[in-house]
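Written out below as structure tokens is the structure these notes cover.
Residue numbers start at 1 and run along the sequence shown. All ligand and atom numbering here is 1-based and tracks the order in the structure. Bear in mind that the values here come from a model prediction, so they are computed numbers and not experimental data.
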Amino acid sequence: MYFNNEYNNLHDHHLQISKYDFNKIILNRDKSDNYILEDKYIYLDFSRNLIDSQTLPLLEKFLISKNFIKFRENIFSGQIVNATENKSADHIALRNSENTIFSGKVNLINDIKKTLNKIQELTNIVHNKTETESLAGNIKHIVHIGIGGSDLGPRLVVDALQEFKISSAPEVLFISSVDPYELNRILNKVDLKTTLFILVSKSFKTPEILSIANFFITTLKKQNINFKKHFLLVSANPEAYKIIDTFSENVLNFPDTIGGRFSLWSAVGLSISISIGFENFKELLNGASEMDHHFLNNPPLNNMPVILALLEFWYTNFYNSQFYNVSPYTERLKLLPMFLEQLQMESNGKTLDLYGNQITYSTTSAVFGTTGTNCQHSYFQALHQGSHFFHCDLIGLLRAPDYEQNKSNYTFLFASILAQAQTMIFGYKSNEKEIVDKHKSIDGNKPCNLIFIKKWSPASLGNLLAMYEHKTVALGALWQINSFDQWGVERGKKSCSQIETCIKNDDICSSLIDPLSEKCIRLYKYLK
Ligand code: F6P
């Protein structure tokens, strides 16, 4: 029974406090540290939330009533937590395999150690510009081919950690689209003779990826370049090498129990290691491992991912918030919102619960965001004076590598975060007399979390991303849904190939295609 006593207590509590004017409540709150949590890398200030001293304990009781503690143990011990695919979710095993927090599955840990050695070996070969039997030498560009979880994580991390790029390392480019505009953009940036393609696909059945690979293989062949020495394959599909012919030593596998959107820590992250070096890649993993320990060992109300999940649940299911904004106030994290779109919405965009019942309550919000202060000059008007309820994370970086040389710019960014947060929660009462004074007033009582990264490093980024992974999974527990499958996107792939076949055939397959699509196909086919 989803709507249990713990839920009903939350409902009654919401009725009571939803009328509060939080301005005064929160002002009194600033003397306590009850709304601050931190670990070695992150400082979470959740004091600007529409909660009182009862709210989180009531949310915790509901979470516990959904067997969260056992669920969390099951994840960390490799039990089946993805029932529809009959799989465990073993991404935690990828971090810090030397003294893993992940229990059980010795073979898995040994395989992960072997793959890490392979990642290190390939990273060194590329950095040393060595030609081998199976790999071209003097590589100047890496082209990472992947989509979704096989793209977004590595793309974010490589972009965010440019300051940690190894000087001798090749530039890493990413391509996920079959759009010829993008294919040619990449082609025009590289010399194929000194380019290494890393083709990443967990299933090795994603049509876009195979199409992109074939484009570059064909182009390499036209230039009489042995494409086999310019391709590495990364997949959970042991048959990958049968789909794209290459040397066996150019294939890296990862466990099928690693979800795509949780996979950057595996061989999927090879391009990360090549860009920032294997040691920094290990630091990324270690930062994530630090958060794994925090998530497993801390009680719910001293647990950053859990607090973020409880608050998102509170707004989604009691304030009917359908929009979650993430604004990183550092351009290093400009791709974070896109990464979180997939992580949260592909994990929790569901309406069947773990038992196959139709859900009658809200699940994931729409995730969106852009960097600060761009967001303030774009959509923050709607957050301050709009008709919708938004919940929000503002992410700040306290000490960038160049902080001392650029203190004034970083101070401006930091002050901007506090200013936006202050306006959201306390609002603004205009006391000017002219007619517009009403338009200048801001109600406030809009919540936000402040997430401060203490010092920028591969480890702090790993810590942040792992925090969001665990938050996403804790939300799945609160909503009693499977955060690890994604059946909704499988359908689109099938209908696309049907429609594509009809477009390419002379006759319009009216039996296969709905009349609306048929009309568009005619437009597409016969446009002059
Ligand atoms: O969007 C569906 C999906 O399967 C994602 O879950 C996955 O990350 C992406 O497509 C790419 O899949 P693959 O890594 O198998 O190419």
- Query: Got a sec, which residues hit salt bridge (Lys or Arg N to Asp or Glu O under 4.0 Å) with Asp159, two or more places apart in sequence or on another chain?
  - Reply: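 Result, salt bridge (Lys or Arg N to Asp or Glu O under 4.0 Å) vs Asp159: Lys334.
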- Task: State whether the side chain of Ser88 and the backbone N or O of Asp90 hold a donor-acceptor pair below 3.5 Å, judged by distance alone.
- Result: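 Answer holds: no.
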- Item | side-chain contact (heavy atoms from CB on, under 4.5 Å) partner of Phe281, the single match among Ser273, Ser275, Pro458 |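 Output: one option passes, namely Ser273.
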With a 4.0 Å heavy-atom cut-off (strictly under), which part of [X] contacts ligand 1: side chain, backbone, both or neither?
X	value
Lys202	both
Gln342	side chain
Ile147	both

- Item | Closest approach of any protein heavy atom to atom 1 (O) of ligand 1, naming residue and atom |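 For this ligand atom, the closest protein heavy atom is Glu346 OE2, 2.9 Å.
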- Message: Just to confirm my output: which protein heavy-atom neighbour is closest to atom 10 (O) of ligand 1, and how far is it?
- Response: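 Protein heavy atom at minimum distance: Lys493 NZ, 4.1 Å.
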- Task: Examine the side chains of His141 and Thr195 and answer whether a donor and an acceptor come within less than 3.5 Å of each other.
- Result: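 No, no side-chain donor-acceptor pair sits under 3.5 Å.
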- Compute the centroid of each ring, for Phe389 and then for Tyr315, and state whether the two points are separated by less than 6.0 Å.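 Phe389 vs Tyr315: aromatic centres under 6.0 Å.
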- Message: Tell me if the NZ atom of Lys193 is crowded by more than 12 foreign heavy atoms within 6.0 Å.
- Response: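 Not more than 12 within 6.0 Å, no.
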- With atoms numbered from 1 as shown, which atoms in ligand 1 lie under 4.0 angstrom from a non-hydrogen atom of Gly148?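 Per the distance check, 8 (O).
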- Number the atoms of ligand 1 from 1 as they appear, then name those within less than 4.0 Å of a heavy atom of Gly149, with their elements.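 Contacts of ligand 1 toward Gly149, numbered from 1: 7 (C), 8 (O).
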